[in-house]
Amino acid sequence: MPPRSDETRFGRRRGIGVDTQAWCTMSEQPSRTRRRLLQTLGAAGLGALAGCASLDGPSQDGDTPSITSKTPPADPADYEATVRAASGTVQPGGDLASETWVYNDQFPGPELRAKAGDVVAFELQNELPAETTIHWHGVPVANEMDGVPQVTQQPVAGGESFTYKFRAEPPGTYFYHSHVGLQLDRGLFGPLIIEESDPHVEYDREYTIVLDDYLTREPQPLFGEDSFGSGGMMGTQRPPYAGLLVNGRSAADPAVFDVREGERVRLRFINASSATLFQVQLGGHPMTVSHADGRPVDPVTVDGFQFGSGERYDTILEATNPGTWEIRATPLNGSEPPARAAITYDGVEPSSPVGPSQSNNLLSYGDLRARSPLSGVSGNPDRTFDLSLSPGGPSGQWLIDGQAYPEADPLQIRSGEHVRVRMTNQSPVPHPMHLHGHFFQVGDAVKDTVVVPGHMGQETFDFVADNPGDWLFHCHNLYHLEAGMARVIEYVD
Ligand code: C2O
Ligand code: CU
């Protein structure tokens with residue numbers, strides 16, 4: 001049987017072949033393919049399939065999706081904003097000025113803030129000399145609003161615009177960024193906050209803290225003929241950065257956050273870097289983690305946390321130790337000096353910020369207990385993907401289960417299924433793996449991005465297939481994504 005061509009609306013999809021010999025051993029066969037095969041094989045095919053009864057997921061006949069596709073809300077927008085992508089000058093302090101691409105002449109882009117349940121409409125105006133899109137990282141929007149070129153939309157050409165409309169839910173700390181090529185590493189990102197009406201932690205004020213790895217030149221892919229030979233496997237991980245920034249500021253002219261003694265201050269940390277794993281600590285204060293990737297957790301007090309590109313943690317600072325203190329974000333996979341910002345207490349004489357002391361107690365995923373665990377992911381999954389993460393290919397690509405996107409098979413699921421993804425990292429470097437369109441359960445936490453540590457590290461997550469469409473699943477190290485570390489998760493019913 002010839003391979004089935006599996007062109008999508010936007011092209012760029014590798015066909016999948018159906019091999020009748022291998023049929024019973026393939027645990028991920030969708031009903032659509034199965035029906036097609038049955039039509040071809042006739043009665044003989046039915047016999048051949050008789051021993052494979054367990055192949056089907058919850059919707060036995062597969063003809064009626066058990067869950068309908070989300071559509072963008074029809075109601076008028078409660079909150080509208082324009083996000084204009086254009087060239088601009090960035091001045092983080094010190095000698096780090098550069099001409100790059102930004103949103104609304106700001107770096108990071110403007111904080112977009114909506115109330116939970118609001119209908120939002122964000123108009124992307126593209127004034128770049130290139131195509132672009134915006135992805136709303138972590139928000140389970142309708143598929144056509146997800147901003148992934150070739151997968152959910154045609155990229156927006158220079159001079160054109162596109163309005164992203166979705167319901168702002170659930171509440172949480174998110175960010176938005178370009179999903180085209182390496183544009184995120186130029187400066188096309190900004191925070192997106194969906195406010196809770198009834199937070200489970202009390203606080204008197206809040207700040208958003210966006211961490212970034214910053215280049216003063218145009219980002220270049222790290223795979224291809226030269227990179228593998230010259231830098232070796234470690235060299236393909238990230239470029240040398242000019243600086244590490246907090247809210248677009250370098251340590252030479254740092255961001256400053258004012259607090260008053262006695263206050264409780266919510267700090268929303270967003271790792272918007274393109275390739276950096278950070279360890280975050282505060283001088284003079286522990287941190288109480290209240291949310292992981294926007295999802296509320298039972299508060300847990302630690303000396304600090306580590307997070308990868310795409311992850312977010314909200315913490316509560318109890319302002320009980322007057323002084324001038326440092327927020328320090330140390331790169332764990334780079335040698336640049338840490339990103340630094342300052343916390344200053346009202347009425348305290350300015351002095352140079354005091355950094356964190358040694359940390360014995362760093363957050364681990366096992367410390368996170370979601371206040372609302374996902375339902376539908378207990379018990380045995382309907383479908384499991386076992387995926388290796390590895391370098392490979394002739395030009396130093398990054399592979400998921402031996403394939404480099406876009407020359408990679410989609411991972412096929414059906415609506416309503418409980419899907420498990422097990423990842424084994426066969427490389428020495430960490431991979432922050434992000435799933436679009438869904439939250440997943442990892443241990444007792446609910447997240448959308450999880451770091452799989454290097455050297456045979458493993459992570460497993462479970463999700464419910466409750467948002468039909470084609471969704472990207474990928475490493476949030478942009479250089480790995482560009483080098484193939486992605487798959488499309490495709491609903492086939
Ligand atoms: Cu921040 Cu594909 O995502
Ligand atoms: Cu990676």
Side-chain angles (χ1 to χ4, degrees), residues 108-109 132-141 143 145-153 155 172-185 188-192 210-212 221-223 233-239 270-277 293-294 307-312 332-334 387-393 396-401 404-406 423-440 447-455 457 459 469-489:
T132 194
T133 63
I134 295 180
H135 169 59
W136 313 94
H137 180 112
V139 185
V141 297
N143 193 252
M145 295 291 141
D146 197 46
V148 180
Q150 323 307 340
V151 177
T152 70
Q153 73 171 116
T173 300
Y174 303 94
F175 69 123
Y176 62 98
H177 60 81
S178 164
H179 217 294
V180 170
L182 299 171
Q183 291 180 359
L184 165 60
D185 215 3
L188 292 176
F189 60 88
L192 167 64
V210 181
L211 298 175
D212 179 39
L222 293 181
F223 72 108
M233 201 184 291
M234 289 298 289
T236 63
Q237 191 181 183
R238 64 199 280 286
I270 300 170
N271 187 337
S273 74
S274 292
T276 302
L277 202 71
D293 292 356
F307 68 164
S309 305
E311 291 190 291
R312 292 92 62 210
L332 298 172
N333 58 346
L387 304 175
S388 63
L389 310 177
S390 68
Q397 286 154 302
W398 283 97
L399 313 178
I400 295 179
D401 225 31
Y405 185 81
M423 298 162 290
T424 303
N425 185 351
Q426 299 174 348
S427 78
V429 299
H431 300 289
M433 302 302 294
H434 171 53
L435 174 62
H436 285 218
H438 307 74
F439 291 103
F440 53 67
K447 299 185 91 273
D448 54 59
T449 309
V450 62
V451 175
V452 188
H455 302 286
E459 285 293 346
D470 290 350
W471 299 99
L472 207 60
F473 164 62
H474 65 91
C475 180
H476 218 280
N477 177 319
L478 216 57
Y479 295 88
H480 294 178
L481 169 57
E482 268 303 281
M485 205 160 210
R487 288 294 183 102
V488 169
I489 294 198

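Positions are given from 1 along the sequence. As the structure lists them, so they are numbered: ligands from 1, and atoms in each ligand from 1. Just so you know, these numbers use all the heavy atoms, side chains as well, and skip hydrogens, waters and symmetry mates.
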Sum of protein N, O or S atoms, each under 2.8 Å from the Cu ion (ligand 2):
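Under the 2.8 Å cut-off, the count stands at 3.
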Would you say the side chains of S390 and S427 form a donor-acceptor pair under 3.5 Å?
->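 Short answer, no.
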Please enumerate all residues that pass side-chain contact (heavy atoms from CB on, under 4.5 Å) together with A483, with sequence neighbours excluded.
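Result, side-chain contact (heavy atoms from CB on, under 4.5 Å) vs A483: F223, W398.
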Near atom 2 (Cu) of ligand 1, which protein N/O/S atoms are found at less than 2.8 Å?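 As for protein N, O or S atoms lying under 2.8 Å from atom 2 (Cu) of ligand 1, they are H179 NE2, H436 NE2, H474 NE2.
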I'd like to know whether the aromatic ring centres of H438 and H436 sit less than 6.0 Å apart in this structure.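 Judged by ring-centre distance (under 6.0 Å), H438 and H436 do not meet the cut-off.
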For the backbone of [Y] and the side chain of [X], can you confirm whether one donor and one acceptor N or O come within less than 3.5 Å of each other?
X	Y	value
N425	G457	no
N333	A275	yes
D293	T449	yes

request  = Would you please classify the geometry between the H474 ring and the H434 ring as parallel, tilted or perpendicular, with 30° and 60° separating the classes?
outcome  =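 Aromatic pair H434/H474 classed perpendicular.
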How are the rings of H137 and H135 set to each other: parallel, tilted or perpendicular (split at 30° and 60°)?
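H137 and H135: perpendicular rings.
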- prompt: Who pairs with D212 by salt bridge (Lys or Arg N to Asp or Glu O under 4.0 Å), at least two apart in sequence or on another chain?
  reply: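 Scan of D212 (salt bridge (Lys or Arg N to Asp or Glu O under 4.0 Å), adjacent residues dropped) gives none.
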